[in-house]
Amino acid sequence: MDPIAMKLVGDDLILQALREDITFEDVSTASVCPQARRAEVQLIAKADGVIAGLDVFARTFALLDPATTVEATVADGDEVHAGQHLATVKGDARILLSGERVALNYLQRMSGIATYTRRMVRALEGTNTKLVDTRKTTPGMRVFEKAAVLAGGGFNHRYNLSTAVMLKDNHIDAAGGVTKAIQMARAHASFTCTVEIECENLDMVREAADAGADIIMLDNMDHDAMAKAIEVIDGRAKVEASGNVDAQNIRALADLGVDFISSGALTHSAPILDLSLKHLRMLDGA
């Protein structure tokens, strides 16, 4: 993550997660390690995948004690293999034990997203289509999950509701039609905002292109309908395909020549990458 974003946004979110896990003390750690003792523990991959979130992992420990260090042998975006040593964490044993679960939760979740994203990106090799994420993120995890998509080789769609206009079916209904929705968006939003509109059929596509949409999303259309829609748009707008995208159908969508393919599955359906902190060793000689 960008270090400024980490400090301004990430730190508060990580601290909330730590406070959720430790309300007044870590009873287990206080029982076996009542005093500060220097120790180290090893980060090990238990499955093949793509690593993401090492900075968030390290920051979790640093927020508990800035003296904690993480010496990584890999970087975000690297492919790792089961049994591989990924990092050594050194510091007060109490910090290593108390921060372990939250740090791993972030790293496993982000690495799982990066792994799934990489699989989807590889299916697009040789095309000009970009794979983008959505706002279907875990509450409180968006900044981390979108960073994980980038680590996996994908791209970020709008970050939130404030960064771009996205006119969906209910917005169109509220405005009274496709053309009216686009006109109202142009009148209200900053000139720096792109205007994207979701279309479900060819009539909507034709109207959106004529009304000057910047991006037209083809939502849950079948393959033939998308091909016809691209002909109708004829370069007047960027084209995004969306709806039930997975590793099995993504290449067929890209071969249509769409500019973007958005997939909520990148963040809502990716399984974690199994990682573990093992072999804690005391360094103080006691």
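The basis for the numbers below is simple: all heavy atoms, side chains too, and nothing from hydrogens, waters or symmetry mates. Numbers here simply count residues along the sequence, with the first being 1.
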Between [X] and [Y], does at least one N-O distance fall below 4.0 Å, as a salt bridge requires?
X	Y	answer
E196	K238	no
D92	R37	no
R101	D21	no
D214	R186	yes

Verify, without hydrogens or angle tests, whether [X] (side chain) and [Y] (backbone) share a donor-acceptor contact under 3.5 angstrom.
X	Y	value
T127	L124	yes
E198	M217	no
T60	V56	yes
Q84	A45	no
R142	Y159	yes
N249	D246	yes
D76	A151	no
E145	T138	yes
K146	R158	yes
S111	A52	yes

Do you know which two heavy atoms are closest between [X] and [Y], and how far apart they sit?
X	Y	value
G154	V121	N-CG2, 3.9 Å
V132	L266	O-CD1, 3.9 Å
K46	S276	CD-CB, 3.5 Å
I51	A75	CG2-O, 3.0 Å
C199	I216	SG-CG2, 3.8 Å
P34	R94	O-NH1, 4.0 Å

inquiry  = Quiz question: by atom type and distance under 3.5 Å, do the side chains of R109 and N105 form a donor-acceptor pair?
reply    = no
message = Is the distance from the ring center of Y106 to that of F57 below 6.0 Å?
response = no
For [X], enumerate each residue passing the side-chain contact (heavy atoms from CB on, under 4.5 Å) test, keeping only those at least two apart in sequence or located in another chain.
X	value
E40	Q42, T88, K90, R281, L283
A252	H223
A82	D48

Look at the side-chain heavy atoms of Ile, Leu, Val, Met, Phe, Trp and Tyr, link any pair under 4.5 Å apart, and say whether [X] and [Y] land in one connected group.
X	Y	value
M282	V32	no
F144	L150	no
M184	V165	no
F155	I250	no
I215	M166	no

query = Pairs in or reaching into residues 250-269: which pass side chain to side chain donor-acceptor pair (under 3.5 Å), with residues at least two apart or in two chains?
reply = E240-S262, S242-S262, R251-D255
request  = Before giving the answer on side chain to side chain contact (heavy atoms under 4.5 Å, CB included), spell out for I230 and V258 the whole-Å C-alpha distance, their side-chain angles and the decisive distance to 0.1 Å.
outcome  = CA-CA 8 Å; I230 291 169; V258 297; 3.8 Å; yes
ask   = By side chain to side chain donor-acceptor pair (under 3.5 Å), which residues pair with R38, not counting sequence neighbours?
value = none
message = Using the side chain to side chain donor-acceptor pair (under 3.5 Å) criterion, which residues pair with S31? Sequence neighbours excluded.
response = none
Within 6.0 angstrom of [X] [atom1], more than 12 heavy atoms from elsewhere:
X	atom1	result
E25	CD	yes
N160	CG	yes
N128	CG	no

request  = Check the pair V50 / V80 against side chain to side chain contact (heavy atoms under 4.5 Å, CB included), numbers first and verdict last.
outcome  = CA-CA 6 Å; V50 177; V80 301; over 6 Å; no
task = Decide whether a cation-pi geometry holds between K130 and F260; the criteria are a distance under 6.0 Å from NZ or CZ to the six-membered ring centre and an angle within 45° of the ring axis.
result = no
M204 side, atom CE; D219 side, atom CG - distance, nearest 0.5 Å = 9.0 Å
task = Show the numbers, then the answer: is there a side chain to side chain contact (heavy atoms under 4.5 Å, CB included) between L275 and I44?
result = CA-CA 6 Å; L275 306 165; I44 307 295; over 6 Å; no
task = Check the pair V70 / L54 against side chain to side chain contact (heavy atoms under 4.5 Å, CB included), numbers first and verdict last.
result = CA-CA 9 Å; V70 176; L54 284 166; 5.7 Å; no
